[in-house]
Amino acid sequence: MSYSVFDLFKVGIGPSSSHTVGPMVAGGRFIAELKESGQFEQVTRVSARLHGSLAHTGKGHASDVAVLLGLGGNQPDTIDPADVTGIVEHIRGNGVLNLAGEKEILFTEPTDLIFDFEEVLPAHSNGMCLYAYGADGNELRSSRYYSIGGGFVANEEEMSADRVIAAPEVAIPYDYTTAEELLRMGEISDKTFPEMVFSNECAWASPNDVRAGLDNIWNTMRNCMERGMKAEGILPGGLDVKRRAKYLRQTLDSDIHRNAALPHECMDWISLWAIAVNEENASGGRIVTAPTNGAAGVIPAVIRYYEEMCPGADKIGIHDFLLAATAVGILIKLNASISGAEAGCQGEVGSACAMAAGGLAAALGGTNKQVENAAEIGLEHHLGMTCDPVGGLVQIPCIERNAMGAVKAINAASLALRGDGDHYVTLDAVIETMRQTGEDMQSKYKETSQGGLAVNVVAC
Ligand code: SF4
């Protein structure tokens, strides 16, 4: 099976792709199942149980809100983030849930939405069960879902068959599962990574639609960044983290006007762009998974660096960036994981850094071997990075970590572009190392907020 660029870069809302977007998608899938089975009309009550990492950091990641929104028939890509508070206040204030947006049923949140801290479901740490009951109180249906990172959701059957619903199954011209295969396909076809990924995308959509979709991804990322640079105040969740993108922008602008910019200020701009996106994510704003919400700032910051600071940058370069980043993201998703709950932060910010490094190298005209090398460097130097969000919120260390990941990605691309593409460690070897490291990592470092900074920095 393969994934599309539009699977990896999905428009949704913050703060988490696995803990917010995924549970919302699961709620929607449950509704669809009820309708398909003809049981929807009989439903008078629903309940949800969140397990594992979804229980441990679900509050901070708004997983409860996401389930309510999904059961209410809302979609992550179309819901207006400004409407979320009103919808949830209505449910909580009145004790009713507008199921699928079609019928109001009673909903008592303390008993109908449970965070189960004891049981971890077998297939993945981000497990959840949804139940529907009839008027006699008997269960009509129950379904188990896993939110496996990046907004991807799989049911029990899909997990056991290792088959995740993504882009519809079609024959694609470049069906690769390893970087080695992709490099070989490039040699035989004399095509670049972006050209091969573009050809694959055209198996699902027309070339014009693919290009329009890529423009939409970048426009949504850019709008998110602009909103982040204008907003001020405290991020929600209780840590009292002050938004700083606007202030950073002002100080950088004033340095330009005073002609006082130092050479390394280039890095501050990159950090600013990443931070702006991640502050929007932390406040539940409109976000593009890249490949997850927690790591959503890295790729936009590096694209903006390309767009504003690299001579000759153009729209096709941005498309090439996203397409090459997709090739890298697919390799990681197929062979390791992009989920913090599965692999720690190496799977989120590490993957985003590798994708951004490969994307930038491609946009700057790198050879396939240089693109692969850039991605490899980006991922290699995130190996072992744990996930330990303070207070279960996607704020500390996540926001700054994206800034670091973006700067590192540019460094990785630059190093690779100064070489001839020959290098010792392959991208495939690093991805496999990340998989093994993630497997060996204790669960307290995998999005449970039970280790690392989460226990050494006291949440207020
Ligand atoms: S520490 Fe990394 S993996 Fe964990 S929530 Fe933050 S960004 Fe995601």
Side-chain angles (χ1 to χ4, degrees), residues 12 14-23 52-63 66 124-126 147-152 235-237 239 241 271 274-275 277-284 287-301 329 332-333 336-356 378-379 381-406 408-409 434-435 437-438 441-457 459:
S16 168
S17 44
S18 56
H19 288 58
T20 319
V21 175
S53 171
L54 281 185
H56 286 290
T57 59
K59 271 281 173 208
H61 289 64
S63 305
H124 194 283
S125 175
N126 284 338
S147 179
I148 55 174
F152 291 95
L235 292 172
L239 280 185
V241 172
S271 297
I275 287 170
V277 170
N278 283 84
E279 287 182 350
E280 273 301 286
N281 179 57
S283 62
I287 280 286
V288 180
T289 59
T292 64
N293 278 24
V298 175
I299 288 172
I332 298 173
K333 174 126 188 73
S337 173
I338 56 168
S339 161
E342 213 169 11
C345 202
Q346 55 172 357
E348 292 209 12
V349 172
S351 299
C353 177
M355 291 167 70
L379 188 58
H381 302 290
H382 282 89
L383 287 175
M385 193 160 76
T386 59
C387 167
D388 50 359
V390 177
L393 297 162
V394 196
Q395 297 178 11
I396 302 171
C398 320
I399 296 171
E400 255 175 24
R401 188 163 283 178
N402 276 258
M404 299 296 110
K408 232 190 242 191
M434 184 182 98
R435 188 192 66 75
T437 308
M441 201 181 273
Q442 290 181 34
S443 70
K444 66 180 181 178
Y445 297 116
K446 295 197 273 192
E447 217 162 354
T448 56
S449 288
Q450 292 179 324
L453 283 175
V455 297
N456 289 302
V457 177

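Note that ligands are numbered from 1 as they come in the structure, with each ligand's atoms numbered from 1 the same way. Worth saying up front: this structure is predicted, and the values here are computed from it rather than measured.
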Would you say [X]'s side chain and [Y]'s backbone share a donor-acceptor pair under 3.5 angstrom?
| X | Y | result |
| --- | --- | --- |
| Asn402 | Ala274 | no |
| His61 | Pro15 | no |
| Gln395 | Pro236 | yes |
| Gln346 | Met385 | no |

Please state which protein non-hydrogen atom is closest to [atom] and give its distance, to 0.1 Å?
| atom | result |
| --- | --- |
| atom 2 (Fe) of ligand 1 | Cys345 SG, 2.3 Å |
| atom 6 (Fe) of ligand 1 | Cys398 SG, 2.3 Å |
| atom 4 (Fe) of ligand 1 | Cys387 SG, 2.3 Å |
| atom 3 (S) of ligand 1 | Glu348 CD, 3.4 Å |

Would you mind listing which atoms of ligand 1 come within a distance below 4.0 Å of any non-hydrogen atom of Arg401?
1 (S)

For Glu400, I'd like to know if atom CD has over 12 heavy atoms of other residues, nucleotides or ligands within 6.0 Å.
no

